[in-house]
Amino acid sequence: MSRPAADLTEQLGPFEPAPVPTEAELAALRAWMPTRRWFPVKSGSPAIDPWISVRFTDGSAPVIHLFLVGDGEPDTRTIVQVPVVRRPALLPPVEVGAPLPPGVIGEVDGEWLVDAVGEEELWRSWLALAQWGEQDAGPADVDLGNARLVTGEQSNTSILFPRAGGGAILKVFRAVVRGANPDVDVPRALVQAGWTGVPAPLAWLELSWPEERTGLLDLGVLSELVADAADGFELACAYAAEARSFETEAFELGRTIAEMHDALARAIPTSGQTVGIEWLRSELRHRARGSAAQAPVLSTRLPAIEALLSRLGTDVPADLLLSLQQIHGDLHLGQVLYSPTGWRVIDFEGEPMRPLEERRRPDLPVRDVAGMLRSFDYAAAVGECPDPTWVVACRAAFLDGYAAGQAEGAALAPTVPGLEAALRDALELDKALYEVVYEANNRPDWVAIPIAGVDRLLAAAAAPDPGDDVV
Ligand SMILES: Nc1ncnc2c1ncn2[C@@H]1O[C@H](COP(=O)(O)OP(=O)(O)O)[C@@H](O)[C@H]1O
Ligand SMILES: O=P(O)(O)O[C@H]1O[C@H](CO)[C@@H](O[C@H]2O[C@H](CO)[C@@H](O)[C@H](O)[C@H]2O)[C@H](O)[C@H]1O
């Protein structure tokens, strides 16, 4: 995956040094950051230390602070981005004693310290100084009218610009990964490979700070806005609530995901990497133990989980190899948009709770399939679907669509009877265990959803008749 070189003809990068936060600013930031949904460390009182502070070279007021969060060596701590700006007054003014709006960090020295991600001044500098893709016009004609922050359960912070060109969305990464962010490079590679199922990245903002030997850090990405798009999860929940058939949509989604896997294999070749069943089993076991250590509710289930994993692939040849490739890595209904032109796939950052080296590794495409199957379960639960057959039909339609969309000769696993379904079940269990930890950390009210999924998979695996397996 290559990037066009930054234009350095003006010998000036996008950033210049800025003062680190004052003591008073730091106190306000340390109190505010852990209250944000995007704050990546979910338990304890992690250390939050200023690391790098920069401002744009166009003279605008916002300062981008990068913090190192958590303990350990600087190289292993999480980098968190908070652009800030100080304002003498808030518009509209806040009543004395009233809660502060979410973007207001606190009152500092008689001024307001504000999260600049919601400020037009930051957007203008961002668009002017970002690195624009080869075919894109650049910022000259960008109309920021009707811009609005995307609200909801996000790991990052996004702003919609419906009037910028054909419409655009800016995602400001909150947890900044070291090295190129897959959410920039993977969709770019897919677009370059001619796949239209992904919104095209238009521009991205790179920071490289030699003094701190940062290497490349991607601070955000501007992408094509998918017009008239419905969030896949909200759509599926609405259908589930009425027990309205979602099979046509699920079939098309399956087909789109198969096409995505085919395009990923072409766009980002992985030189024939493979793993054996033993390796996979030990990785899944390691992850299951890690999940149980973080979510005590899983510990009583660990023996049954280990038993399921120990049976995985025992009836296949010991030298059987499974092909790896670039995958999405955190595929669920909230990562797909349903538009009048079909499904589009977003957010290629992988599972936010996984270490980045793992997220960048080639993986089994069946992991994405399993992730989506889990998501139908979530939609049925959150939509309080009155009909238990709804989710079964969605799963079957999605798998049928996936099979229909696969390139000739492609298969999720070598054609050993039962192996494909066994891998799917094992990876669905892996995802459900991840979700238990995710929900315990983020949405404890929802933790029963993945626990029910874990129990269903364990019960199906323990049942004497393999025909009892869920679809
Ligand atoms: N290209 C796009 N077009 C339209 N809406 C989008 C687009 N990308 C993201 N969104 C909306 O923004 C939300 C957050 O995007 P996502 O990439 O999942 O961010 P995060 O990493 O913060 O979870 C999505 O659920 C979707 O509603
Ligand atoms: O979208 P992210 O990359 O931030 O992914 C994380 O958060 C997701 C929730 O927002 C979480 O997904 C889980 O909840 C979804 C409904 O909100 C559901 O559709 C998914 O199936 C379920 O896994 C995801 O696991 C997490 O990594």
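Ligands are counted one by one from 1 in listed order, and the atoms in each one are counted from 1 as well.
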Can you find an N or O of Y434 that's nearer than 3.5 Å to an N or O of ligand 2? yes
Among K171, E349, H332, which one puts a heavy atom closest to atom 17 (O) of ligand 1? K171
Atoms in ligand 1 flagged as close to L337, the criterion being non-hydrogen separation under 4.0 Å: 2 (C), 3 (N), 4 (C), 5 (N), 6 (C), 7 (C), 26 (C)
Quick one: which of R367, R359, R361 gives a salt bridge (Lys or Arg N to Asp or Glu O under 4.0 Å) with D363? R367
Would D347 count as a polar contact of ligand 1, with the cut-off being nitrogen or oxygen pairs under 3.5 Å? yes
What do we get for R344 next to ligand 1 when only non-hydrogen atoms under 4.0 Å count, side chain, backbone, both or neither? neither
Looking at D231, which atoms of ligand 1 are within less than 4.0 Å of one of its heavy atoms? 25 (O)
Can you list the steps and then say if I159 with W126 is a side-chain contact (heavy atoms from CB on, under 4.5 Å)? CA-CA 12 Å; I159 307 103; W126 199 107; over 6 Å; no
Heavy-atom distance to atom 22 (C) of ligand 2: which of R443, E435, H332 wins? E435
Can a donor-acceptor pair be found between the side chains of T157 and R174 at a distance below 3.5 Å? yes
If we number the atoms of ligand 2 from 1 as shown, the ones under 4.0 Å from a heavy atom of S155 are 2 (P), 4 (O)
Can you list the ligand 2 atoms lying under 4.0 Å from a non-hydrogen atom of Q335? 1 (O), 2 (P), 3 (O)
Could you tell me whether V226 and ligand 1 have an N or O pair separated by under 3.5 Å? yes
Out of curiosity, L399 CG to I257 CD1, how far, rounded to the nearest 0.5 Å? 12.0 Å
Restricting to heavy atoms, the pick from S375, A236, A379 nearest atom 18 (C) of ligand 2 would be S375
Is K431 near ligand 2, meaning one of its heavy atoms is under 4.0 Å from it? yes
With a 6.0 Å cut-off (strictly less than), is the heavy-atom count around CZ of R311, excluding the residue itself, greater than 12? yes
Answer yes or no: does atom CG of D49 have more than 12 heavy-atom neighbours from other residues, nucleotides or ligands under 6.0 Å? yes
Below 3.5 Å, N or O to N or O, backbone or side chain included: is there any such pair between N156 and ligand 1? yes
Strictly under 4.0 Å, does any heavy atom of E349 approach an atom of ligand 2? no
Atoms of ligand 1 less than 4.0 Å from S155 heavy atoms? 20 (P), 22 (O), 23 (O)
Counting heavy atoms under 4.0 Å, the part of L225 that contacts ligand 1 is both
Please report whether ligand 1 has a polar contact with E224, defined as an N or O pair separated by less than 3.5 Å (distance criterion only). yes
Just verifying a value: how many Å separate R178 CZ and L217 CG, rounded to the nearest 0.5 Å? 7.5 Å
For F67 versus L29, what's the shortest heavy-atom pair and its separation? CZ-CD1, 3.7 Å
Polar proximity ligand 1 side, S223 side, N/O cut 3.5 Å exclusive: no
Apply the test ring pair (Phe, Tyr, Trp, His ring centres under 6.0 Å) to residues W343 and Y338: give CA-CA distance (whole Å), side-chain angles for both, the deciding distance (0.1 Å), then the verdict. CA-CA 5 Å; W343 289 101; Y338 192 61; 4.6 Å; yes
Quick one: look at V382 and ligand 2, take heavy-atom pairs under 4.0 Å, and tell me if it's side chain, backbone, both or neither. neither
Which atoms of ligand 1 have any heavy atom of P199 under 4.0 Å away? 1 (N)
Got a second to check how far Y438's OH is from E351's CD, nearest 0.5 Å? 11.0 Å
Would the F251 and F398 ring centres measure less than 6.0 Å apart? no
Below the 3.5 angstrom mark, is there an N/O of E351, backbone or side chain, next to an N/O of ligand 2? no
So I64 and F56, side-chain contact (heavy atoms from CB on, under 4.5 Å) or not? Walk me through it. CA-CA 8 Å; I64 298 177; F56 290 104; 3.9 Å; yes
L149 side, atom CG; E119 side, atom CD - distance, nearest 0.5 Å: 9.5 Å
So the atoms of ligand 1 within less than 4.0 Å of a heavy atom of Q335 turn out to be 18 (O)
